[in-house]
Amino acid sequence: MNKISKKIAAMLLAAAIGATTIPYAVLNAQAALTDQDIQSAINTLSKIGVMQGYADHSMGQQKLITRAELAKMVVKTFNLEGTAENTAVLTDVNPNAWYADYASEIVGLGIMEAANGQFNPSGTVTDTELVQVVSKALKRDVKSVNHWMNAFFAADSSANRGEVAYLLATARQAIPSADAKITSVRSLNAITLIVTFDKPLTATDEVFAKAKEDFAFNDGLTLTNMPRLKTGSIATYIVPTSVQKAGTTYNLAYKGQPSGSFTGNATKLDMTTVSQVTSDMFEIEALKANGVVDYGYIISAYSGGRGANAFVLNDQEQADGKTYQIISSMQARQVTITPEGGQPIIAKYVPFTQSTDGKQEPKFRLPEGQTLTPGVKYTVNSDWANIANPTFVATSFEALQVTNAEATSETSINVILAQDPGDELFSGRSVTLTAPNGDKLVATYKYSSRKGAVGVFDLTQNGKLTAGTTYTVTPVGAWATATGVTFTTK
């Protein structure tokens with residue numbers, strides 16, 4: 001029996017012999033949620049005034065929830081009372097109704113909708129709508145909320161009070177706290193920790209500069225980028241570190257408080273092939289099919305933008321029975337590239353090239369002014385990765401061709417290439433803008449702004465374009481050519 005038919009059967013049976021005489025577990029014998037799950041959630045919400053029963057002293061957990069009931073429960077669960085700058089005027093809500101303030105608040109916050117001012121307080125709520133409401137209220141990704149609803153979700157089915165209680169009791173645990181404390185820490189691989197808190201961190205505490213101060217290690221270990229909340233978890237984070245020393249005992253202090261210890265991990269990431277992508281840049285491929293996944297596909301912050309590629313890993317880093325290695329942030333990473341018969345060269349990670357266009361291929365660039373010599377064999381080594389095919393023979397790469405440019409504001413321009421590079425090859429690049437009087441401005445690529453062949457470049461050092469001026473565009477370095485490319489500001 002599917003979820004919809006079970007709910008209909010439950011309501012018919014309840015109407016026939018009285019809903020309070022039938023245990024929830026019996027009505028939902030084939031459902032994943034147990035009577036204990038529901039009762040525990042109801043008890044939790046009742047204690048804090050989120051959920052109240054009916055005149056017959058029942059909690060009505062098998063009854064379909066109304067929009068009015070949901071509005072109150074969500075507002076109270078997430079402490080949203082008085083937070084809307086402008087409450088909504090609802091034409092079908094009596095100002096004296098018990099739910100009026102909750103409905104006006106939640107619509108004013110944009111969490112629930114009221115088309116043409118109609119709130120429809122007695123209407124029911126589908127599971128799909130419930131996901132959206134809780135996601136907006138908690139400011140958490142839809143995929144995580146959907147994951148918490150796996151036990152009962154059915155897209156076109158309406159949610160009942162017991163299911164909503166279960167979801168809200170779960171989501172309530174995921175409200176960020178400035179007082180969050182670490183409950184466990186373990187090393188996943190040579191550059192990655194899995195750190196679980198009792199509550200999620202606030203946005204302020206997630207910021208890299210703040211997090212780097214808050215996370216303190218011994219033996220020179222440091223954070224290399226901000227901690228990222230795992231999709232589907234309550235408060236478990238992927239935390240990138242500098243390369244750990246295998247076997248070393250590291251002690252972690254968070255905000256000055258001892259917060260656990262772990263042993264430095266010798267496990268390197270399994271990468272596959274090194275390939276040249278420009279005259280001064282190469283990439284290192286990793287394959288999901290080989291059990292290696294970029295963290296961008298499994299973190300809450302990115303799940304919305306990754307679409308169907310985003311998924312949830314459990315606490316054992318597994319999905320669909322498969323265990324994954326996680327590539328955490330490549331920020332500040334570097335590798336060594338050695339030409340045959342030559343001296344090693346340090347190549348540094350190119351920001352925002354870690355996982356783009358559906359590929360897991362972080363890119364690395366030679367020092368400024370250096371290029372790969374065609375015909376020479378190069379070998380790449382790393383202290384954080386095992387590379388199955390670490391060598392390639394460099395070839396001649398034609399520079400990207402800039403064909404056009406246009407001002408989009410007094411501080412930004414669009415730079416247009418002859419064709420879509422199919423990847424973030426703009427990253428870290430700049431152009432010089434020269435006015436007829438010889439004045440020069442420099443514009444640098446805005447990371448992740450590329451749309452096809454077009455990339456946004458922002459002026460540096462507070463520079464501004466002068467109205468009515470024709471600028472000549474010249475790439476900085478050999479990454480691109482631009483013959484006679486100009487634009488005129490308005």
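What's counted below: heavy atoms across the whole structure, side chains too, no hydrogens, waters or symmetry copies.
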Asks: Please answer whether the main-chain N or O of D294 pairs with a side-chain N or O of Q360 as donor and acceptor at a distance below 3.5 Å.
Replies: yes
Asks: CZ/R228 to CD1/I298 distance, rounded to the nearest 0.5 angstrom?
Replies: 12.5 Å
Asks: Can you find a heavy atom in the side chain of I238 that is under 4.5 Å from one in the side chain of I194?
Replies: yes
Asks: Just by distance, do the side chain of N218 and the backbone of T249 share a donor-acceptor pair under 3.5 Å?
Replies: yes
Asks: I'd like to know whether W479 forms a side chain to side chain contact (heavy atoms under 4.5 Å, CB included) with V431, so could you lay out the CA-CA distance, the side-chain angles of the two residues, the decisive distance to 0.1 Å, and finally the verdict.
Replies: CA-CA 10 Å; W479 67 274; V431 294; 3.9 Å; yes
Asks: Testing the basics here: between T408 and I413, what is the closest heavy-atom pair and its distance to 0.1 Å?
Replies: OG1-N, 4.0 Å
Asks: Mind listing the closest non-hydrogen atom pair of F397 and S279 along with its distance?
Replies: CB-N, 3.8 Å
Asks: CE/M281 to OG1/T353 distance, rounded to the nearest 0.5 angstrom?
Replies: 7.0 Å
Asks: Heavy atoms only: give me the nearest M330-W384 pair and the separation to one decimal.
Replies: SD-CH2, 3.6 Å
Asks: Could you give the distance from CZ (F152) to OG (S157), rounded to the nearest 0.5 Å?
Replies: 9.5 Å
Asks: Tell me the closest heavy-atom pair linking I345 and P339, and the distance in Å.
Replies: CD1-CD, 4.4 Å
Asks: Evaluate whether atom NZ of K255 has more than 12 neighbouring non-hydrogen atoms of other residues, nucleotides or ligands under 6.0 angstrom away.
Replies: yes
Asks: Are the side chain of D198 and the backbone of K181 linked by a donor-acceptor contact shorter than 3.5 Å?
Replies: yes
Asks: Any idea which heavy atoms bring P227 and V239 closest together, and the distance?
Replies: CB-CG2, 3.9 Å
Asks: Is the shortest side-chain heavy-atom distance between F392 and S275 below 4.5 Å?
Replies: no
Asks: Would you say the side-chain atoms of T379 and T391 include a donor-acceptor pair closer than 3.5 Å?
Replies: no
Asks: Looking only at non-hydrogen atoms, find the nearest pair between L465 and S412 and report the distance.
Replies: CD1-O, 4.3 Å
Asks: Check whether more than 12 heavy atoms from other residues, nucleotides or ligands sit under 6.0 Å from atom NZ of K212, and answer yes or no.
Replies: no
Asks: Let me confirm one number: the NZ-CG distance from K268 to N386, rounded to the nearest 0.5 Å.
Replies: 5.5 Å
Asks: Between R450 and D423, does any NZ, NE, NH1 or NH2 come within less than 4.0 Å of an OD or OE carboxylate oxygen?
Replies: no
Asks: Taking atom CG of L313 and atom OG1 of T236, what is their separation to the nearest 0.5 Å?
Replies: 11.5 Å
Asks: Between D141 and S300, do the side chains contain a donor N or O and an acceptor N or O under 3.5 Å apart?
Replies: yes
Asks: When P240 is tested against each of I327, T224, I326 for side-chain contact (heavy atoms from CB on, under 4.5 Å), which residue passes?
Replies: T224
Asks: Once you round to the nearest 0.5 Å, how far does CG of D383 lie from OG1 of T336?
Replies: 7.5 Å
Asks: Should M112 and L70 count as side-chain neighbours, where that means a heavy-atom distance under 4.5 Å?
Replies: yes
Asks: Please test K76 against E81 for side chain to side chain contact (heavy atoms under 4.5 Å, CB included), starting from the C-alpha separation and ending with a verdict.
Replies: CA-CA 7 Å; K76 294 188 77 68; E81 291 170 285; 3.8 Å; yes
Asks: According to the interplanar angle, ranging from 0 to 90°, do the rings of F217 and F215 count as parallel (below 30°), tilted (30 to 60°) or perpendicular (above 60°)?
Replies: parallel
Asks: Within 45° of the six-membered ring axis of Y297 and under 6.0 Å from that ring's centre, is NZ or CZ of R306 located there?
Replies: yes
Asks: Parallel, tilted or perpendicular, judged at 30° and 60°: which one describes the rings of F282 and F364?
Replies: parallel
Asks: Show your working on side chain to side chain contact (heavy atoms under 4.5 Å, CB included) between M271 and L269 and close with a plain yes or no.
Replies: CA-CA 6 Å; M271 313 295 276; L269 296 166; 4.3 Å; yes
Asks: Going by heavy atoms in the side chains, are Q244 and L193 under 4.5 Å from each other?
Replies: yes
Asks: Between Q318 and T323, is there a side-chain donor-acceptor contact under 3.5 Å, judged purely by atom types and distance?
Replies: yes
Asks: Crowded around E368 CD? As in, over 12 foreign heavy atoms under 6.0 Å?
Replies: no
Asks: Apply the test side chain to side chain contact (heavy atoms under 4.5 Å, CB included) to residues R429 and V415: give CA-CA distance (whole Å), side-chain angles for both, the deciding distance (0.1 Å), then the verdict.
Replies: CA-CA 11 Å; R429 306 301 193 181; V415 173; over 6 Å; no
Asks: Mark yes when over 12 heavy atoms from residues, nucleotides or ligands other than Q325 sit less than 6.0 Å from its CD; otherwise mark no.
Replies: yes
Asks: Can you find a pair of side-chain heavy atoms, one from F426 and one from V456, that are under 4.5 Å apart?
Replies: no
Asks: Are any non-hydrogen side-chain atoms of L433 and L459 less than 4.5 angstrom apart?
Replies: yes
Asks: Distance alone, cut at 3.5 Å: any donor-acceptor contact between the side chains of Y445 and E424?
Replies: yes
Asks: Could you check whether any side-chain heavy atom of D458 comes within less than 4.5 Å of a side-chain heavy atom of T444, counting everything from C-beta outward?
Replies: no
Asks: Name the orientation class of the two ring planes belonging to Y254 and F197 (parallel below 30°, tilted from 30 to 60°, perpendicular beyond 60°).
Replies: perpendicular
Asks: Mark yes or no for whether K348, through its side chain, and I346, through its backbone, hold a donor-acceptor pair below 3.5 Å.
Replies: no
